[in-house]
Amino acid sequence: MRRCQTMLFAGVPPRSLPVSRPPPQLPSIPHRRTPPSQVLHWPGRRLLLQRGDTELAVRDLDGEGLVVRFPAPWPRRFGSVAVSPTGDVAVFAGVHALRAVDSTGAVRWEIRHGCWSPAVCTVAHASFADYADDYHHSHADIGSAVFSSDGKLLWAHVRNRAERDINEEWLILDPAGGTVLARAGTTTVGSGSVHFPHPNPAHMGLTVLLDEENSSVLWGHWDGTNLTVQRFVEEVLLAASPSGEYFVTTDTGQWTLYLHRAEDGMEPRRLDATKAVPHSASADDDRVRWDYEAAAFPHDDTAVVGTECSAQDPRHWLVDPHTMALRGRIAYPFPVSGPPRSAGQGAWYTLSKDQTAVHLWNLPHGE
């Protein structure tokens with residue numbers, strides 16, 4: 001990964017984030033959902049994931065920079081992947097199964113589920129080779145999975161079918177053996193989903209993308225016996241605060257940022273884009289919109305959110321969650337592309353335009 005200076009904002013001197021090791025080179029292929037590189041983080045632990053068609057490379061960003069490589073059971077376009085905080089287990093969420101493997105490729109466990117293909121597929125495929133060349137499977141919707149902050153739970157969004165009916169579920173599993181501990185129906189028919197871990201392993205956030213104009217946010221709590229779920233219709237989850245006290249969403253129209261209390265889901269404050277953010281003269285849109293997946297929470301009192309993240313010159317902003325007031329635009333030392341994404345430990349990251357480089361950023365706390 002390239003060494004990055006931190007952003008310059010309101011006269012704050014730059015400070016380097018101590019990560020400067022080159023990433024492993026993996027094939028970069030176009031993908032309509034997940035980027036080939038991403039940073040996963042838990043308290044005291046950050047991992048850089050780089051996904052190719054044949055393998056997943058996982059680099060420790062806070063230790064000695066060791067790289068662990070996992071053989072991939074299927075190409076990247078056939079699903080998503082989760083990695084344990086210790087970096088020794090990868091769970092591939094595929095079109096027909098959740099599969100946990102170690103770095104040798106040995107299967108720890110596998111749970112088969114209904115097909116994510118938009119075509120009616122009721123076949124319990126035993127092998128990826130059965131559908132590797134099928135168009136509908138290669139363009140299927142996808143679920144997702146993620147490990148809890150302590151690595152003791154795996155949360156997964158899967159699909160099941162009964163005849164032509166589609167039923168999607170949110171599962172909590174024991175990652176050691178794949179035992180299902182709890183399950184809840186999502187009442188969705190999603191095209192994709194994204195998990196948002198909470199510092200408390202008993203909590204988890206999930207955005208289910210329904211189509212180009214609709215989505216739902218699910219906020220789950222596991223008490224060791226029961227899974228309870230709060231639902232926020234027509235919202236998209238963007239980020240959770242480091243303490244876990246709050247999470248931020250936007251509506252499907254991208255008009256407003258909503259600050260929710262994680263404890264009860266209540267919304268104490270909000271921020272309207274059209275009132276707070278000046279319109280960009282270079283923007284094609286007639287109004288300002290908060291971007292989907294464009295937010296990070298480097299500190300409890302600082303959120304980084306994005307607008308125009310698909311444009312040539314995206315704009316990233318600092319927001320004070322305590323007041324939901326805009327503090328100003330971030331001025332980077334060189335042009336960035338795409339949205340800001342959470343990198344944990346007071347940091348966020350961006351991907352280069354060609355998605356071959358990851359840039360980590362931070363801001364001196366209190367500025």
Side-chain angles (χ1 to χ4, degrees), residues 7 9-10 41 43 146 149 193-209 214-221 228-278 287-309 314-330 339-349 361-363 365-367:
M7 63 171 207
F9 173 77
H41 60 87
V146 73
S149 57
S193 64
V194 183
H195 279 86
F196 294 81
H198 188 274
N200 183 338
H203 294 271
M204 183 64 67
L206 174 71
T207 285
V208 180
L209 307 174
N214 291 291
S215 71
S216 291
V217 170
L218 282 68
W219 191 255
H221 175 250
T228 56
V229 180
Q230 287 181 283
R231 290 176 170 83
F232 304 86
V233 180
E234 295 187 357
E235 292 189 32
V236 179
L237 185 56
L238 300 180
S241 64
S243 67
E245 185 177 1
Y246 296 103
F247 61 89
V248 174
T249 68
T250 188
D251 53 87
T252 53
Q254 302 167 270
W255 291 92
T256 304
L257 285 180
Y258 304 94
L259 185 74
H260 293 275
R261 289 199 302 255
E263 181 181 14
D264 55 15
M266 295 298 292
E267 178 211 317
R269 289 175 290 279
R270 61 174 60 182
L271 181 63
D272 293 334
T274 54
K275 294 180 180 179
V277 180
R287 66 175 176 91
V288 178
R289 301 172 187 264
W290 301 116
D291 279 309
Y292 300 139
E293 75 167 341
F297 237 128
H299 302 286
D300 276 326
D301 60 2
T302 305
V304 179
V305 296
T307 59
E308 300 93 38
C309 284
R315 297 187 294 172
H316 298 170
W317 308 89
L318 289 186
V319 172
D320 182 351
H322 294 160
T323 60
M324 286 304 277
L326 198 72
R327 292 171 53 191
R329 182 183 177 183
I330 298 171
R341 295 180 170 95
S342 178
Q345 299 184 8
W348 68 96
Y349 74 98
W361 309 93
N362 73 348
L363 181 73
H365 191 44
E367 297 294 344

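In this structure, the separation between CG on Leu238 and CZ on Phe196 is 6.5 Å, given to the nearest 0.5 Å. From Arg329, atom CZ reaches atom NE2 of His316 across 9.0 Å, with rounding to the nearest 0.5 Å. Rounding to the nearest 0.5 Å places OG of Ser193 at 12.0 Å from CG of Leu237. The OG1 atom of Thr302 lies 8.5 Å from the CZ atom of Phe297; values are rounded to the nearest 0.5 Å.
Judged as a side-chain hydrogen bond (donor to acceptor under 3.5 Å, both in side chains), and not counting sequence neighbours, Thr207 has no contacts. Every residue meeting the side-chain hydrogen bond (donor to acceptor under 3.5 Å, both in side chains) condition with Glu267, not counting sequence neighbours, appears here in chain and number order: Arg270. For Pro339, the side-chain contact (heavy atoms from CB on, under 4.5 Å) partners two or more places apart in sequence, or in a different chain, are Glu293, Ala294, Cys309, Arg341. Scanning for salt bridge (charged side-chain N to carboxylate O under 4.0 Å, His left out) contacts around Arg261 gives Asp264, with sequence neighbours left out. In this structure Trp219 satisfies the side-chain hydrogen bond (donor to acceptor under 3.5 Å, both in side chains) test with no other residue, sequence neighbours excluded. Remark: His41 engages Arg46, Ser342 in a side-chain contact (heavy atoms from CB on, under 4.5 Å) (not counting sequence neighbours). Every residue was checked against the side-chain contact (heavy atoms from CB on, under 4.5 Å) condition with Val233, not counting sequence neighbours, and none meets it. With sequence neighbours left out, His221 forms a side-chain contact (heavy atoms from CB on, under 4.5 Å) with Ala202, His203, Asp223, Thr228. For Asp272, the salt bridge (charged side-chain N to carboxylate O under 4.0 Å, His left out) test picks out Lys275, with sequence neighbours left out. With sequence neighbours excluded, the residues that form a side-chain hydrogen bond (donor to acceptor under 3.5 Å, both in side chains) with Glu235 are Thr249, His260.
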Using distance only, find each side-chain donor-acceptor pair of residues 317-325 under 3.5 Å and give its atom names and separation, not counting sequence neighbours.
unit_1	atom_1	unit_2	atom_2	d
Trp317	NE1	Thr307	OG1	3.0
Asp320	OD1	His322	N	2.9
Thr323	OG1	Ala325	N	3.4

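A 4.5 Å side-chain heavy-atom check between Arg231 and Val217 finds every atom pair outside the cut-off. Put simply, the side chain of Tyr258 does not reach to within 4.5 Å of the side chain of Phe247, judged on heavy atoms. Residues Ser149 and Pro201 are in side-chain contact: their nearest non-hydrogen atoms beyond the backbone lie under 4.5 Å apart. Taking the side chain as every heavy atom from C-beta outward, Val304 and Ile330 approach each other to under 4.5 Å. Counting only heavy atoms from C-beta outward, the side chains of Pro268 and Tyr246 approach each other to under 4.5 Å. With contacts defined as side-chain heavy-atom distances shorter than 4.5 Å, the pair Ser243/Pro199 does not qualify.
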Can His198 and Met204 be said to form a side chain to side chain contact (heavy atoms under 4.5 Å, CB included), step by step? CA-CA 5 Å; His198 188 274; Met204 183 64 67; 5.9 Å; no

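Shown here for Trp290 and Val277, the closest heavy-atom pair between the two residues is CH2-CG2, 3.6 Å. The shortest heavy-atom contact between Pro340 and Trp348 is CB-CD1, 3.8 Å. Among all heavy-atom pairs drawn from Pro298 and Ala347, the shortest one is CB-N, 3.8 Å. Smallest separation of non-hydrogen atoms from Pro278 and Val288: O-CG2, 3.8 Å.
Residues in residues 243-253 take part in no salt bridge (Lys or Arg N to Asp or Glu O under 4.0 Å) pair, two or more places apart or across chains.
For the residue pair Arg289 / Thr250, no side-chain donor-acceptor distance below 3.5 Å is found, with atom types taken as modelled.
Heavy-atom neighbours of Gln230 CD from other residues, nucleotides or ligands within 6.0 Å: above the threshold of 12.
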